[in-house]
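Here is the structure we will look at, set down as C-alpha cells.
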Amino acid sequence: MSYKAYVFDAYGTLFDVHSVMDKIHEYYPDQGGSISQQWRDRQIHYFMVRQLIQGYRPFHEITQWALEDALAFSNVVIKPDVLEDLMKQYEKLQPYEEVSTLSDQHPDKTFTIFSNGTRSMLQPLLEHNKLTETYDLLSADDVEVYKPHAESYQYAQEKLDCSKDQILFFSSNPWDITGAASYGFHTAWVNRKQEKWPELGIEPTYIIQNLNEIPGE
C-alpha cells in the first residue's frame, strides 16, 4: 500500500536517547547507562502522569524534572551547571545510522517528525544533525496534548491534510504505536532490539528492525 504521509516519532525512533550516556559518564563515571535509563523511564512516566491529570507542562520541563530525579535516585551530587550541560545534550542526540540518508534513498517521499518534544528542543536537534531539509516538524506542544492521546494524533492528521489511512506512523515506542493505531493510522513499530510486541490488544501494521525498510513502497 502506498502512503501520502510518512510520519516519525523523534526520541528513540530517529534519535538515540541513550547517546547521552557518554556525557553523563564524564560527570558520573560508570553510571552513564543506569542514569540514562532512569532519565528516560521517568521522562515517559512523568509526561503520562501530566496527561492523565490534564496538567500539561512542556516537554523540556518534564525532561529536566526526570533528569533531576534520576540523579537523585542515583545518589550523586547535582550541580546546576551539570544539569544545564546534560539538558543541552538533548539538542545533540545522535541519529540512528540510516536516518540521515532516508531522503536520499526515498527522494519522492515527504518525511515529517511528530514528537512530544517542544520545537525549542527539536529544531536545534535537527540543526545540529543537519536534518532540517529532510524532515518537516510537528510538535504535540502546539496543542498541549501529549501522545498517545487521540487529540494529539488528530492534530497531526489535520496538519498533514490526509485521511487516516494515508498516513504511516513510525515509532520505536509501543505506547506511541498503540495510540496512533487506536486513532486509525497505519503504523510501523521500529523494533531495533527485536523484542516481543507487548500484549496491548492492538497490533502494529508492520514490524521493522530499522528504517532501512520503509513499508508501502
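- The main-chain N or O of R57 is never found under 3.5 Å from a side-chain atom of R50 such that the two would form a donor-acceptor pair.
- For the pair A188 and I208, the tightest heavy-atom approach, listed with the atom from each and the gap, is CB-CD1, 4.3 Å.
- The minimum heavy-atom distance linking T13 with F170 is given by the pair CG2-O, 3.9 Å.
- Placement of V17 and W189 in two distinct hydrophobic clusters is found when ILVMFWY residues are connected by side-chain heavy-atom separations under 4.5 Å, directly or transitively.
- Judged by distance alone, with hydrogens and angles left aside, the side-chain atoms of D141 form no donor-acceptor pair with the main-chain N or O of E144 at under 3.5 Å.
- Rounded to the nearest 0.5 angstrom, Q194 CD and N210 CG are separated by 9.5 Å.
- Partner of L138 under the side chain to side chain contact (heavy atoms under 4.5 Å, CB included) criterion, out of L160, V7, I113: L160 alone.
- Under the 4.5 Å side-chain heavy-atom criterion for ILVMFWY residues, no single connected hydrophobic cluster contains both V49 and I62.
- Of all non-hydrogen atoms in S152 and P148, the two that sit nearest each other are OG-C, 4.4 Å.
- A distance of 14.0 Å separates OG1 in T63 from CZ in R42, rounded to the nearest 0.5 Å.
- Distance check: T187 OG1 to I207 CD1 gives 9.0 Å after rounding to the nearest 0.5 Å.
- Other residues, nucleotides and ligands contribute over 12 non-hydrogen atoms within 6.0 Å of the NE2 atom of H128.
- The closest side-chain donor-acceptor pair between Q64 and E68 falls under 3.5 angstrom.
- In terms of heavy atoms, Y11 sits closest to L122 at OH-CD2, 3.6 Å.
- Taking all atoms of both residues into account, the shortest heavy-atom contact from Y183 to Q154 is OH-CA, 3.2 Å.
- Under the 4.5 Å side-chain criterion, counting only non-hydrogen atoms from C-beta, L93 is not in contact with D16.
- The cationic atom of K147 (NZ for Lys, CZ for Arg) lies less than 6.0 Å from the six-membered ring centre of F114 and within 45° of the ring axis.
- For V143, the side-chain contact (heavy atoms from CB on, under 4.5 Å) test picks out V145, Y155, with sequence neighbours left out.
- Under the 4.5 Å side-chain heavy-atom criterion for Ile, Leu, Val, Met, Phe, Trp and Tyr, L125 and M21 are members of distinct hydrophobic clusters.
- For the residue pair D176/Y153, the side-chain donor-acceptor check at 3.5 Å is satisfied.
- Q37 and R40 form no side-chain donor-acceptor contact under 3.5 Å, judged by distance and modelled atom types alone.
- When ring centroids are compared, F169 and Y6 stay outside the 6.0 Å threshold.
- The shortest side-chain heavy-atom distance between S74 and Y28 does not fall under the 4.5 Å cut-off.
- Side-chain contact, H18 with S36: a donor N or O sits under 3.5 Å from an acceptor N or O.
- At a threshold of 4.5 Å between non-hydrogen side-chain atoms, the residues F111 and H106 count as touching.
- Between L83 and L86 there is no side-chain heavy-atom pair separated by less than 4.5 Å.
- Distance check: S172 OG to K193 NZ gives 9.0 Å after rounding to the nearest 0.5 Å.
- Interatomic distance, CD1 of I214 versus OH of Y3, reported as 11.5 Å (0.5 Å rounding).
- In this view, T178 and W197, L200, I202 satisfy the side-chain contact (heavy atoms from CB on, under 4.5 Å) rule, not counting sequence neighbours.
- For the salt bridge (charged side-chain N to carboxylate O under 4.0 Å, His left out) condition, the pairs that include at least one residue of residues 111-138, sequence neighbours left out, are R119-D142.
- Cluster membership for F59 and W175, using ILVMFWY side-chain heavy atoms within less than 4.5 angstrom, is shared.
- In this structure, E98 contributes its side chain and L211 its backbone to a donor-acceptor pair below 3.5 Å.
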Practice prompt. Let me see the working for Q89 and D85 under side-chain hydrogen bond (donor to acceptor under 3.5 Å, both in side chains), right down to the final yes or no.
Written response: CA-CA 7 Å; Q89 285 303 115; D85 196 22; over 6 Å; no

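- Within the 3.5 Å criterion, the main-chain N or O of D30 finds a donor-acceptor partner in the side chain of H25.
- Within the 4.5 Å cutoff, no side-chain heavy atoms of F8 are placed close to those of V99.
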Worksheet item: Does the pair L14 and Y96 meet the rule for a side-chain contact (heavy atoms from CB on, under 4.5 Å), with working shown?
Response: CA-CA 6 Å; L14 297 179; Y96 289 100; 5.8 Å; no

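- More than 12 heavy atoms of other residues, nucleotides or ligands lie within 6.0 Å of NZ in K164, so this atom counts as buried by the packing criterion.
- Looking only at distances, a side-chain donor or acceptor of H149 sits under 3.5 Å from a matching main-chain atom of E151.
- Contact of the I24 side chain with the Q31 side chain is not registered, since no non-hydrogen atoms from C-beta on lie closer than 4.5 Å.
- Here the closest heavy-atom approach between residue N129 and residue P95 is recorded as OD1-CD, 3.1 Å.
- Under the 4.5 Å side-chain criterion, counting only non-hydrogen atoms from C-beta, Q157 is in contact with F185.
- I177 and F15 fall into different hydrophobic clusters, where Ile, Leu, Val, Met, Phe, Trp and Tyr residues are linked whenever their side-chain heavy atoms come under 4.5 Å apart, directly or through other members.
- Rounding to the nearest 0.5 Å gives a distance of 10.0 Å between CD of E158 and CG of D161.
- Side-chain N or O atoms of Q105 include none that pairs as donor or acceptor with a backbone N or O of L102 at under 3.5 Å.
- Of the residues listed (Y146, Y46, F47), the one engaging Y56 in a ring pair (Phe, Tyr, Trp, His ring centres under 6.0 Å) is Y146, and it is the only one.
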